[in-house]
Protein chains: 2
Amino acid sequence: MKEKELRRSLAVLPMGTVMKLTSLTARQIRYYEAQGLITPERSDGNRRLYSLNDVDRLLEIRDYLADGVNIAGIKAIYDQQSAATMAKQSAQQQPLTDEDVRRILQDEFIRQGGLGHPNSGIQRPF
Amino acid sequence: MKEKELRRSLAVLPMGTVMKLTSLTARQIRYYEAQGLITPERSDGNRRLYSLNDVDRLLEIRDYLADGVNIAGIKAIYDQQSAATMAKQSAQQQPLTDEDVRRILQDEFIRQGGLGHPNSGIQRPF
DNA sequence: CTTTCATGTTAGAAAAGCTAACATGAAAGC
DNA sequence: GCTTTCATGTTAGCTTTTCTAACATGAAAG
């Protein structure tokens, strides 16, 4: 499933294509970017390049606006989502077991404690 | 799975993107088109638009050429493939059972024979 | 040595995209 | 009512990208 993700996040679509795919105007798309709702990549020549994920997000934005949500509201939603994602990532990164933690701290102590005289490998009982 | 196919055959990628995705030059890509190996769509303004399927085919072409197959050879391969596909499609369309065939022929005869001298529905033993 | 093949290179034109600025209709707030 | 704000339209001038067409070329084939 990694390849699909990769393809969906490949920034390869130019403005014109995205306009057609979303039925938004260039003005709208650039405005949403200016408001921080999307961040397309840029080509060497400074042209915007969008991914399929970007297109999906633009469609979402379109729907939110059609539902009367204003841009500040949409931004709030996305900020919240990314905060949640961050938290999840931290959580995922934290599948450090207690054992892992102990090992890491131990390493840390060994490296530190090793100042003038390699401290003979004293093992603190963490 | 229809959506995936649709996306893969959506012609949305401009030349520059395809160049990067395939590491081919514009000259090469246009030449392969001139030789009938690919047929990208065109934008209103006459710019070529490629799909992900096109990109895959270009990568195949690149590999064939690297393996010493010349363009005529590649074309032969693709012609053969599409012939095979055609045949398969016909075959798929042909899940007409003998019974179907008989019914169709019968209808045909009835419609035809049905005027001056209704041939009384004679059934030829096909 | 002459063709053929696959590709490079160049020139001139047109399309597409960029930024920046000003314009505007509808809502919101006073 | 009048004034802001929001989301979008419009325009202008400029740069990048792509297009076609033509000529150039190295390697292989004959």
Taking the side chain as every heavy atom from C-beta outward, state whether [X] and [Y] have any pair of such atoms under 4.5 Å apart.
{"X": "Leu65(A)", "Y": "Val69(A)", "answer": "no"}
{"X": "Ile74(A)", "Y": "Asn70(A)", "answer": "no"}
{"X": "Pro40(A)", "Y": "Leu49(A)", "answer": "no"}

Spatial distance of atom [atom1] ([X]) from atom [atom2] ([Y]) [nearest 0.5 Å]:
{"X": "Ser82(B)", "Y": "Ile77(B)", "atom1": "OG", "atom2": "CD1", "value": "12.0 Å"}
{"X": "Asn53(A)", "Y": "Ile38(A)", "atom1": "CG", "atom2": "CD1", "value": "12.0 Å"}
{"X": "Arg57(A)", "Y": "Leu52(A)", "atom1": "CZ", "atom2": "CG", "value": "14.5 Å"}
{"X": "Lys20(B)", "Y": "Ser43(A)", "atom1": "NZ", "atom2": "OG", "value": "6.0 Å"}

Residues in side chain to side chain contact (heavy atoms under 4.5 Å, CB included) contact with [X], at least two apart in sequence or another chain:
{"X": "Thr17(B)", "value": "Val12(A), Leu13(B), Pro14(B), Leu21(B)"}
{"X": "Leu24(B)", "value": "Thr22(B), Gln28(B), Ile29(B), Tyr32(B), Leu58(B), Arg62(B)"}
{"X": "Lys75(B)", "value": "Leu37(B), Asp79(B)"}
{"X": "Ala26(A)", "value": "Met15(A), Met19(A), Arg30(A)"}

Quiz item: Can you give the dot-bracket line for DNA chain D, using ( ) for pairs inside the strand, [ ] for pairs that cross earlier ones, | for pairs with another strand and . for unpaired bases, where Watson-Crick and G-U count if both distances are under 3.5 Å?
Solution: ||||||||||||||||||||||||||||||

Practice problem: Give, ordered by number, those residues of residues 9-23 of chain B having at least one heavy-atom distance below 4.0 Å to an atom of DNA chain C; if nothing qualifies, reply none. | Solution: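 The answer is none.
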
Practice problem: Give me the residues of residues 36-47 of chain A where at least one heavy atom lies under 4.0 Å from an atom of DNA chain C, by number, or none. | Solution: Arg42(A), Asn46(A), Arg47(A)

Practice problem: Apply side chain to side chain contact (heavy atoms under 4.5 Å, CB included) to the pair Tyr31(B) and Ile71(B), showing each step before the final yes or no. | Solution: CA-CA 10 Å; Tyr31(B) 182 64; Ile71(B) 288 195; 3.4 Å; yes

Exercise. Using heavy atoms and a sub-4.0 Å distance, could you list which residues of residues 27-35 of chain A are near DNA chain D? By number, please.
Key: Arg27(A), Gln28(A), Tyr31(A), Tyr32(A)

Exercise. Using heavy atoms and a sub-4.0 Å distance, could you list which residues of residues 50-63 of chain B are near DNA chain D? By number, please.
Key: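 None - not one residue of the stretch has a heavy atom sitting under 4.0 Å from the strand.
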
Practice problem: Answer yes or no: does atom CD of Gln81(B) have more than 12 heavy-atom neighbours from other residues, nucleotides or ligands under 6.0 Å? | Solution: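 Correct, the count exceeds 12.
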
Spacing between [X] atom [atom1] and [N] atom [atom2], to the nearest angstrom:
{"X": "Leu49(A)", "N": "dC18(C)", "atom1": "CG", "atom2": "P", "answer": "9 Å"}
{"X": "Leu24(A)", "N": "dT8(D)", "atom1": "CG", "atom2": "P", "answer": "8 Å"}
{"X": "Arg48(B)", "N": "dT17(D)", "atom1": "CZ", "atom2": "C1'", "answer": "13 Å"}

Exercise. Mind jotting down which residue pairs meet the salt bridge (Lys or Arg N to Asp or Glu O under 4.0 Å) criterion with at least one end in residues 42-56 of chain A? Sequence neighbours excluded, please.
Key: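 Counting only pairs at least two positions apart or across chains, the salt bridge (Lys or Arg N to Asp or Glu O under 4.0 Å) contacts touching residues 42-56 of chain A are Arg8(A)-Asp56(A), Glu33(A)-Arg42(A), Glu33(A)-Arg48(A), Asp56(A)-Arg7(B).
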
Self-check item: Sugar-phosphate or base contact per nucleotide [nucleotides 25-30 of chain C; S, B, -; heavy atom under 4.0 Å]
Solution: ------

Exercise. Using side-chain hydrogen bond (donor to acceptor under 3.5 Å, both in side chains) as the criterion, list what pairs up with Glu60(A), not counting sequence neighbours.
Key: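 In terms of side-chain hydrogen bond (donor to acceptor under 3.5 Å, both in side chains), with neighbours along the sequence ignored, Glu60(A) is linked to Tyr78(A).
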
